[in-house]
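One structure below.
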Amino acid sequence: MTSRTTDPIDAGRPDGWWRSAVVYQIYPRSFQDSDGDGIGDIPGITRRIDYLADLGVDVLWLSPVYRSPQVDNGYDISDYQDIDPEFGTLADLDALIAAAHERGIKLVMDLVVNHTSDQHPWFVESRDPASAKRDWYIWRPARPGFEPGTPGAEPDRSPAAFAPSAWAYDPTSREYYFALFSAGQPDLNWENPDVRQAVYAMMRWWIDRGIDGFRMDVINLISKPAELTGAAPLDPDGDQLRLRVTNGPRLHEFLQEMNRETGLDEHNLVTVGEMPGSTVETAVLTTDPDRHELNMVFTFEHVRMDRGPGSRLWDFADVPLSALKGNLAHWQDGLADVGWNSLYFDNHDQPRAVSRFGDDSPEHRVNSAKTLGTVLHLHKGTPYVYQGEELGMTNAPLTEIGQYRDISALNVHAAALAAGVPEGEALRFLAARSRDHARTPMQWDAGAHAGFTTGTPWLALNPNYDTINADAARRDPDSVFAHFRKLIALRHESAAVQEGRFQLLLPDHEQLWAFTRSLGDETMLVLANCSSSPVTVPAEGLPDVTGAELLLGTHAAGDAGELAPWESRILRLR
Ligand code: NOJ
């Protein structure tokens, strides 16, 4: 590999550049359609590049655009080195990279290498027990004493994320393959060094094409537990494998090897590992720069706090503010000295933050979207804006199963009904938590199909696009969009926002989210009323704000002793 200073592919990526960056996530299928087929595409993104430049973001992360049968909307890849015709061509992607780079914006690709599609040539070959690729995936015979392919003959009882069993039956070889998400997404066997080298070669190919980093899908699942690697017997009555695949024994070894073999650090690429089930301890190990693994991880702790107590997929609960802010503070403290945080409320797998953590009623939507943005963007780490979050887009009014498209929603619905749960209960869960809420098309304007497509959208638009849309937001100086622009600009300007030490205040308060960020002699105080009722600012537990400068607020400076519903203030203390 050539050295960093002379290599043209590294241009524009100085050491640590990503520590002051804001990332914008695009779900291409739902962003902008350019050819009228009702599905967003890469030329559509390029058409909207000036909108993104105007918002001020530094990096675009594209959810997968590779060739795929679209069982899980592209998280099932059949060719890592080509673009799905639904989304365009490699030439379209090159044009997007160029358009982004011209505006100083970087591009991050989604790397989905825990599993491939069952249509990937590697897996097609692997179906033949005699092939050299049999061992590229995880194969097991039927449960002893059972006829292969009959109910109960799966090698163990672990469920998949989107299917009743993590073992999919292959009638040709009469064996089962391990597929943690769905039968269309077989897990790769990372124990096999040829698999790893094939992945690294593919990554180098993308790096040479000029991309600036990778978001790594469920990357902490790649190292499998002993039962799957053959080092320990599989318990046919066991049902925990699905949970036990997280943070496996060789995870850090594999990440270090990947970094070395592809030059992730050498080229100053930005890397974020999606890590369900990761803890602060795993994150420290993964993001310690001296260990050369990844720059940051996506934790799931704060977005799983509202799960019900048991394992039933359709149970959920409300989360007290003290628990939510306490969890973020735990991560701030845990990564204060070593490693780095990623900051998100929204992404393509989560319901809309303003509907979940805020108040999406007409009265409070704008201020609660702004205040959630303020809180998140003033934490230390790299903030992620998910398309439409900057508009305060809300959950969609989904009431019938026929309105859902997501494989996960359909699986939850089927599992609930199979367990004898009344359909209303399953639909209540989906109406609150389904991934489809994040995937309704981007609301550009109040015209036909919100300006998303001239055809029929693949998923119905949220009908509130007549009032909530980018066109209206950009003309309104008090919009959520205007507020996000200011938050992003503040991060770029302020070393205290980028690197300042975090301290949570009033940890038990159930309405106020308050914290400071301090660097040198500068201290910023964030005061946010995360409730739909007014709140009196407590006399105790907060620093003196006499003479403080209001850097950004949701409301015109009013009564210092009270915050209106969803009012927030960023103050620079004197
Ligand atoms: C996480 C992705 O974000 C999600 O959309 C996908 O369904 C799973 N990984 C499987 O790839």
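Remember, it's 1-based here, ligands and their atoms both numbered in the order they're listed. Note that the structure is a prediction, hence the values are computed from the model and not measured.
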Side chains of Asn462 and Thr394, donor plus acceptor under 3.5 Å: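 Per modelled atom types, Asn462 and Thr394 side chains form a pair under 3.5 Å.
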
Derivation and outcome, salt bridge (charged side-chain N to carboxylate O under 4.0 Å, His left out), residues Asp288 and Arg291: CA-CA 6 Å; Asp288 176 351; Arg291 292 168 53 89; 5.2 Å; no

Atom 2 (C) of ligand 1: nearest protein contact (heavy atom, Å):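 Ranked first by proximity to atom 2 (C) of ligand 1 is Asp217 OD1, 3.1 Å.
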
Nearest-contact summary for atom 6 (C) of ligand 1 - protein heavy atom, Å: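 Going atom by atom, the protein heavy atom closest to atom 6 (C) of ligand 1 ends up being Asp72 OD2, 3.3 Å.
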
Close aromatic pair by centroid cut-off 6.0 Å: Phe357 and His302: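 No.
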
Give the numbers and elements of all ligand 1 atoms closer than 4.0 Å to a heavy atom of [X].
X      : value
Phe162 : 7 (O)
His115 : 10 (C), 11 (O)
Asp349 : 1 (C), 2 (C), 3 (O), 4 (C), 5 (O)
Arg435 : 4 (C), 5 (O), 6 (C), 7 (O)

CA sep, side-chain torsions, deciding dist, call: Arg215, Asp217, salt bridge (charged side-chain N to carboxylate O under 4.0 Å, His left out): CA-CA 6 Å; Arg215 174 271 185 187; Asp217 192 67; 2.8 Å; yes

Part of Arg215 with heavy atoms under 4.0 Å of ligand 1, whether side chain, backbone, both or neither: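 Side chain only.
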
Student check: side-chain heavy atoms of Ile26 and Leu52 closer than 4.5 Å: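 Yes - at least one pair of side-chain heavy atoms lies under 4.5 Å apart.
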
Salt bridge flag under 4.0 Å for residues Asp349 and Arg433: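 A salt bridge is absent here (no side-chain N lies under 4.0 Å from a carboxylate O).
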
